[in-house]
Amino acid sequence: MNHNYGFKELYEIAKSKINPRRISPFIEAGAVSAAILTENGNVYTGVSIDTGCSLGMCAERNAIANMITNGESKIVKLVACIEGKVGMPCGACREYLMQLDKDSGEIEILVSIETMETKKLKEFIPMWWGNDYL
């Protein structure tokens, strides 16, 4: 069943996934979490996976992998959490997000849970190199 999730709901979903833990002597996970809402109204989550050899994965890219695994590729909203607060996608995640779809610049990202301020991805990555290719 599709549901039009608001940013408060997405924030609570993302926040509920935070669970910092050591997986092995080489891997830590769960310090950062993300929730994405797709065009079809589904929510996918992911957590950060940090490794000793730097082959880890950000929470946003983990959520995107979950979305793609489930047959979707168009994101409408994104919320990232770190230490229970709203966080911003890193540069690598911004680039990854932009490459998903010709309309990815329109993805709304929660900037502040206190003020409910949002920004579009294109505001974080202006003059993106790939626009001419889409």
Side-chain angles (χ1 to χ4, degrees):
M1 179 175 170
N2 292 340
H3 186 278
N4 189 12
Y5 290 86
F7 277 108
K8 283 186 180 184
E9 290 171 291
L10 288 174
Y11 169 77
E12 291 301 327
I13 291 168
K15 188 176 167 187
S16 75
K17 299 297 179 185
I18 291 181
N19 179 18
R21 60 204 179 275
R22 181 169 290 282
I23 305 297
S24 76
F26 310 104
I27 297 176
E28 293 180 6
V32 180
S33 63
I36 55 178
L37 175 67
T38 66
E39 174 181 65
N40 293 338
N42 296 309
V43 175
Y44 298 98
T45 60
V47 297
S48 59
I49 302 170
D50 298 309
T51 67
C53 63
S54 73
L55 292 175
M57 179 184 293
C58 293
E60 296 89 339
R61 282 182 274 157
N62 194 341
I64 291 166
N66 189 3
M67 171 189 70
I68 290 172
T69 298
N70 284 282
E72 294 191 66
S73 62
K74 190 157 184 166
I75 299 170
V76 177
K77 297 177 181 177
L78 180 146
V79 175
C81 285
I82 183 168
E83 298 176 0
K85 298 177 183 173
V86 171
M88 293 297 101
C90 72
C93 286
R94 293 173 192 189
E95 178 64 34
Y96 199 93
L97 287 160
M98 284 298 287
Q99 291 187 30
L100 279 172
D101 183 83
K102 65 178 180 57
D103 297 320
S104 287
E106 299 300 317
I107 295 171
E108 283 189 274
I109 299 171
L110 183 64
V111 175
S112 169
I113 191 65
E114 292 81 19
T115 65
M116 297 306 294
E117 178 186 1
T118 65
K119 292 199 179 282
K120 293 188 177 188
L121 177 60
K122 64 185 176 186
E123 295 178 72
F124 291 108
I125 192 162
M127 298 172 59
W128 183 60
W129 67 271
N131 284 330
D132 292 340
Y133 298 97
L134 292 175

Would you say the side chain of [Y] lies within less than 4.5 Å of the side chain of [X], judging by non-hydrogen atoms?
X   : Y    : answer
I13 : V79  : no
E95 : W129 : yes
L10 : V43  : yes
Q99 : Y133 : no
K17 : N62  : no

Non-hydrogen atoms of [X] and [Y] that approach each other most closely:
X   : Y   : answer
A63 : A34 : CB-O, 4.3 Å
I18 : G84 : CD1-N, 3.6 Å
M67 : S73 : CE-CA, 3.6 Å
T51 : G56 : OG1-N, 3.3 Å
L78 : E60 : CD1-CG, 4.1 Å
C90 : C58 : SG-SG, 3.8 Å

[X] with [Y], same ILVMFWY side-chain cluster at under 4.5 Å:
X    : Y    : value
Y11  : Y44  : yes
L100 : L121 : yes
L110 : V32  : no
V111 : I125 : yes
I64  : W128 : yes

Any chance you could measure [X], atom [atom1], to [Y], atom [atom2], to the nearest 0.5 Å?
X    : Y    : atom1 : atom2 : result
R61  : L97  : CZ    : CG    : 9.5 Å
C53  : I27  : SG    : CD1   : 7.5 Å
E12  : C81  : CD    : SG    : 8.0 Å
E123 : E106 : CD    : CD    : 9.5 Å
K120 : E108 : NZ    : CD    : 6.5 Å
I107 : M98  : CD1   : CE    : 8.5 Å

Next item on the list: Find out whether the Lys NZ or Arg CZ of K77 is both under 6.0 angstrom from the six-membered ring centre of F7 and within 45° of the ring's axis.
Entry: yes
Next item on the list: Kindly determine whether M88 and F124 satisfy side-chain contact (heavy atoms from CB on, under 4.5 Å), including the steps that lead there.
Entry: CA-CA 10 Å; M88 293 297 101; F124 291 108; 3.7 Å; yes
Check: Between K119 and E117, is the closest basic N to carboxylate O distance under 4.0 Å?
Finding: yes
Notebook entry, point to check: Checking side-chain contact (heavy atoms from CB on, under 4.5 Å) for the pair I36/N66: CA distance, chi angles, key distance, verdict?
Noted result: CA-CA 10 Å; I36 55 178; N66 189 3; over 6 Å; no
Check: T38 side chain to K74 main-chain N or O, any donor-acceptor pair under 3.5 Å?
Finding: no
Next item on the list: Please assess N42 against N70 for the test side-chain contact (heavy atoms from CB on, under 4.5 Å), listing each intermediate value before the final yes or no.
Entry: CA-CA 10 Å; N42 296 309; N70 284 282; over 6 Å; no
Notebook entry, point to check: Would M116 and K8 count as a side-chain contact (heavy atoms from CB on, under 4.5 Å) if you check the C-alpha gap in whole Å, the side-chain angles of each, and the deciding distance to 0.1 Å?
Noted result: CA-CA 8 Å; M116 297 306 294; K8 283 186 180 184; 3.7 Å; yes
